[in-house]
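Chain A is the first sequence line, chain B the second, and so forth, proteins listed ahead of strands; every chain is numbered from 1.
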Number of protein chains: 2
Amino acid sequence: MDIATERDGDAGTRRRLPPQERREQIVNEAVRFFAEVGLEGNTRQLAKRLGVTQSLLFKYFATKEELLEAVYEKVYLGRLSSDWPDRLTDRSVPLRTRLLAFYTEYSRLIFEHDWMRIFMFSGLAGAALNHRYLEHLGDVILEPVLAETAAVASGTRQPSMEDIWNLHGGIVYIGIRTHIYGLPAPEHPEEVIASAIDKYLAYFGVSEI
Amino acid sequence: MDIATERDGDAGTRRRLPPQERREQIVNEAVRFFAEVGLEGNTRQLAKRLGVTQSLLFKYFATKEELLEAVYEKVYLGRLSSDWPDRLTDRSVPLRTRLLAFYTEYSRLIFEHDWMRIFMFSGLAGAALNHRYLEHLGDVILEPVLAETAAVASGTRQPSMEDIWNLHGGIVYIGIRTHIYGLPAPEHPEEVIASAIDKYLAYFGVSEI
DNA sequence: ACTCTTGTTGATCGGATGATCTATAAAAAA
DNA sequence: TTTTTTATAGATCATCCGATCAACAAGAGT
């Protein structure tokens, strides 16, 4: 009972870390923690995981809400701030190549347990950051994809925003069913993504070299 | 302050309902309530909505967990128990017509605020019912769709289960983005669905009359 | 009217949870 | 070593939440 009740990380010893380092450690664990149990997860359990007292958390974050915002920031930041808009509209490259590059990279970024779950939790909670992210995604990714497709689409069929959402949703759903619903992941996601893109392009008569 | 604090439904008066009726009333409101605030919503708030004391809830459900199971049952039941397997495999009807009929009906059933959100909440919580539902969906809907598509697919390309998931996910994502993320719904979902199905069928060279 | 059944209320309990405060000790400064 | 700083622990508070229980009253039967 004595040794068994010891802390996970550093058994019993009181480690004194520089604030910046400790803060980072807390946020990192908080991301994993809240992604697993949901945003209502309690601070005591989180503290236990860190091998630290619950009160310590409130030295770094005045309220739990403030901690959650740090979690949001950590998770959301850098996930959509890139040169994609430029690369997606670079017409010297075939649209198929561009789409493939984007969704390969993007899926690598978002098909990640913590991100997928926190995004869904915060989406259900109606978090403002969620709406901003999706708005940004629409402006910076989906709209350009629509314009680029329209530019090279042959035949009478012209793509609408709904078609882009369908392409996007079909791909993102891979992450949802694996990380939210816990279903087995496809063995070769790249192939699945490529297939989705080809299906999309073929439908609008895009045939490139 | 006096009249303002009155209950929503029946101002102040203590209404005595037959147990069956009261139970149904509780479950109905619980579905709406938990769909909105999440499964951690507290019983006091729910009771307030019902214009009833919190303790009354525990006369009808021994624990909150039991109430939640009643909510699950109410929401899940009848959402996938139909003659779809038979209709989906009826080869006297063009596959496109079958798929269109299925997804039109199915989307009408699941693109519903309460269902979508409770499904997502319970999915994140890892509820057993969720897994059973998806397993059932795979066996009863997706597998048949795969078999039917393979039967009429022309050309070298043969569909895999991943392709069916892509079709399904692309359509279901409409409900996710509207009811979970709170984005505006498409004006004509039927057209969007039809477009998704046509894109899918065209990719596997299915061309029927 | 009267009695009986039981649906409903109001008060309350035990535990959990966010947050606060003081004492301690680890690391840096002298 | 001694002093100073402050990161950390431990105890505690106020509130919230699920659950319990005794008392009350609405409606049915007589």
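One atom, CZ of A:Arg44, and another, P of D:dA11, lie 13 Å apart when rounded to the nearest Å. Atom P of nucleotide C:dT6 and atom CZ of B:Arg22 are separated by 17 Å, given to the nearest angstrom. Atom NZ in A:Lys59 sits roughly 14 Å away from atom P in C:dA19 (whole-Å rounding). One can place CG of A:Leu17 at 15 Å from C1' of C:dA28, the figure rounded to the nearest angstrom. As a whole-Å value, the separation of B:Gln54 CD from D:dG18 P is 7 Å. Rounding to whole angstrom units, CG of residue A:Leu46 and C1' of C:dA16 are separated by 16 Å. Rounding to whole angstrom units, CG of residue A:Leu50 and C1' of D:dT8 are separated by 13 Å. With rounding to whole Å, A:Glu21 atom CD is found 16 Å from D:dT6 atom C1'.
Where A:Gly41 and B:Pro19 each meet DNA chain C at their nearest nucleotide, the meeting point lying more 5' is that of B:Pro19.
At least one side-chain nitrogen or oxygen of A:Lys64 sits closer than 4.0 Å to the OP1 or OP2 atom of C:dG18. An OP1 or OP2 oxygen of D:dT8 is reached within less than 4.0 angstrom by a side-chain nitrogen or oxygen of A:Tyr60. Contact check, B:Asn42 against D:dC17: a side-chain N or O comes under 4.0 Å of OP1 or OP2. For B:Thr43 and D:dG18, the shortest distance from a side-chain N or O to OP1 or OP2 is below 4.0 Å.
For A:Thr53, the side-chain atoms get nearest to D:dG10 when compared with the rest of D:dG10, C:dT8, C:dG18. Taking every side-chain heavy atom of B:Phe58 into account, D:dT20 is the closest of D:dC17, C:dA19, D:dT20. The B:Ser55 side chain lies nearest to D:dC21 when the options are C:dT8, D:dT12, D:dC21. Comparing atom distances between the A:Leu56 side chain and each of D:dT8, D:dC21, D:dG18 picks out D:dT8 as nearest.
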Taking it one step at a time, do B:Leu80 and B:Val140 satisfy side chain to side chain contact (heavy atoms under 4.5 Å, CB included)? CA-CA 9 Å; B:Leu80 206 59; B:Val140 167; 5.6 Å; no
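Interface remark: the A:Arg16 side chain does form a donor-acceptor pair with the D:dT6 base, using a distance-only criterion of under 3.5 Å. Evaluation of atom-type donor-acceptor distances gives no pair under 3.5 Å for the side chain of B:Arg15 against the base of C:dG7.
Distance alone, capped at 3.5 Å, is enough to place a donor-acceptor pair between the A:Arg117 side chain and the A:Glu36 backbone.
With B:Phe121 as the partner, the side chain to side chain contact (heavy atoms under 4.5 Å, CB included) test is satisfied by one option alone out of B:Asn130, B:Val37, B:Ile180, B:Leu39: B:Leu39.
Under 3.5 Å, the side chains of A:Arg23 and A:Gln20 contain no donor-acceptor pair of N or O atoms.
B:Ala150 pairs by the side-chain contact (heavy atoms from CB on, under 4.5 Å) definition with B:Gln158, B:Pro159, not counting sequence neighbours.
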